[in-house]
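The next block holds one structure in the form of structure tokens; read it before the comments.
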Amino acid sequence: KKKTDIINLKVGISLNKTSHTCQQSTDFALSVSFNPSNATNQNIVWQSSGTDVAIVSGGFVKALREGNAIITATSADGGYTATCNLTVTV
């Protein structure tokens, strides 16, 4: 008999930053990693919890004014999310 080892792999998505601080009127990019890296559907839906503080499109975040927002990346199938806690300073 052959013994088979079971390996638990974390399936989902992650961002290159889980928190970020920047000044208002600046922008930065977030990137997503998929696990497994060859996931069939690698489309992401982006959201900002405070669109008056920061907006996001395609992973590019624009800081608008002082405050806090959570930038969320959700896999297109809705199964996985990853977040970045954003603090915008003056």
Side-chain angles (χ1 to χ4, degrees):
K1 291 185 177 184
K2 185 176 181 182
K3 182 179 177 182
T4 303
D5 292 327
I6 297 174
I7 300 172
N8 290 324
L9 296 176
K10 182 174 168 88
V11 174
I13 63 173
S14 60
L15 293 175
N16 61 320
K17 297 179 182 191
T18 56
S19 65
H20 186 73
T21 300
C22 64
Q23 292 186 327
Q24 67 184 23
S25 301
T26 62
D27 56 324
F28 66 98
L30 289 172
S31 61
V32 177
S33 295
F34 291 83
N35 191 12
S37 59
N38 64 345
T40 305
N41 185 346
Q42 295 195 5
N43 295 317
I44 293 292
V45 176
W46 295 91
Q47 289 182 299
S48 171
S49 67
T51 53
D52 57 329
V53 174
I55 54 175
V56 59
S57 178
F60 293 97
V61 181
K62 174 78 173 170
L64 303 175
R65 69 172 187 87
E66 184 178 18
N68 297 298
I70 299 172
I71 306 301
T72 302
T74 303
S75 59
D77 64 10
Y80 302 102
T81 62
T83 60
C84 176
N85 295 312
L86 175 63
T87 302
V88 179
T89 60
V90 176

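Worth knowing before you read on, the calculation uses all heavy atoms, side chains too, and leaves out hydrogens, waters and symmetry mates.
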Report summary line: The ring-ring contact (aromatic ring centres under 6.0 Å, His included) partners of F28 (sequence neighbours excluded) come to H20

Report summary line: Hits for side chain to side chain contact (heavy atoms under 4.5 Å, CB included) against Q47, two or more places apart or cross-chain, chain-then-number order -> none

Query - side chain to side chain contact (heavy atoms under 4.5 Å, CB included) between L64 and V53, intermediate numbers included - result: CA-CA 5 Å; L64 303 175; V53 174; over 6 Å; no

Query - Nearest atoms (heavy-atom pairs only) where A73 meets I44 - result: CB-CG2, 3.8 Å

Query - Pair listing, salt bridge (charged side-chain N to carboxylate O under 4.0 Å, His left out) test, anchored in residues 40-52, at least two apart - result: D52-R65

Report summary line: Scanning both residues in full, the closest heavy-atom pair of V11 with P36 reads CG1-CD, 4.1 Å

Report task. Look at the side chain of Q42 and the backbone N and O of S37, then say whether any donor-acceptor pair between them is shorter than 3.5 Å. Result -> yes

Query raised in the report: Hydrophobic cluster mates of V45, side-chain heavy atoms under 4.5 angstrom, ILVMFWY only, any path?
Result: none

Requested in this report: Please round to the nearest 0.5 Å and tell me the distance separating atom CD1 of I55 and atom CH2 of W46.
Outcome: 14.0 Å

Mind listing the side-chain donor-acceptor pairs of residues 78-90 below 3.5 Å, one per line with the distance, residues two or more places apart or on another chain?
from : atom 1 : to  : atom 2 : distance (Å)
T87  : OG1    : N68 : OD1    : 3.2
T89  : OG1    : C22 : O      : 3.3

Requested in this report: Could you tell me which non-hydrogen atom of V61 sits nearest to which non-hydrogen atom of L30, and how far apart they are?
Outcome: CG2-CD1, 4.0 Å

Query raised in the report: In chain order, what residues pass the side chain to side chain contact (heavy atoms under 4.5 Å, CB included) check against S49, with sequence neighbours excluded?
Result: A69, I70

**Report entry** Non-hydrogen atoms of E66 and Q24 that approach each other most closely
**Finding:** N-OE1, 3.4 Å

Requested in this report: Measure the spacing between CG of N43 and CZ of F34 and express it to the nearest 0.5 Å.
Outcome: 7.5 Å

**Report entry** Minimum heavy-atom distance between N16 and A29, given as atom pair plus value
**Finding:** ND2-O, 4.0 Å

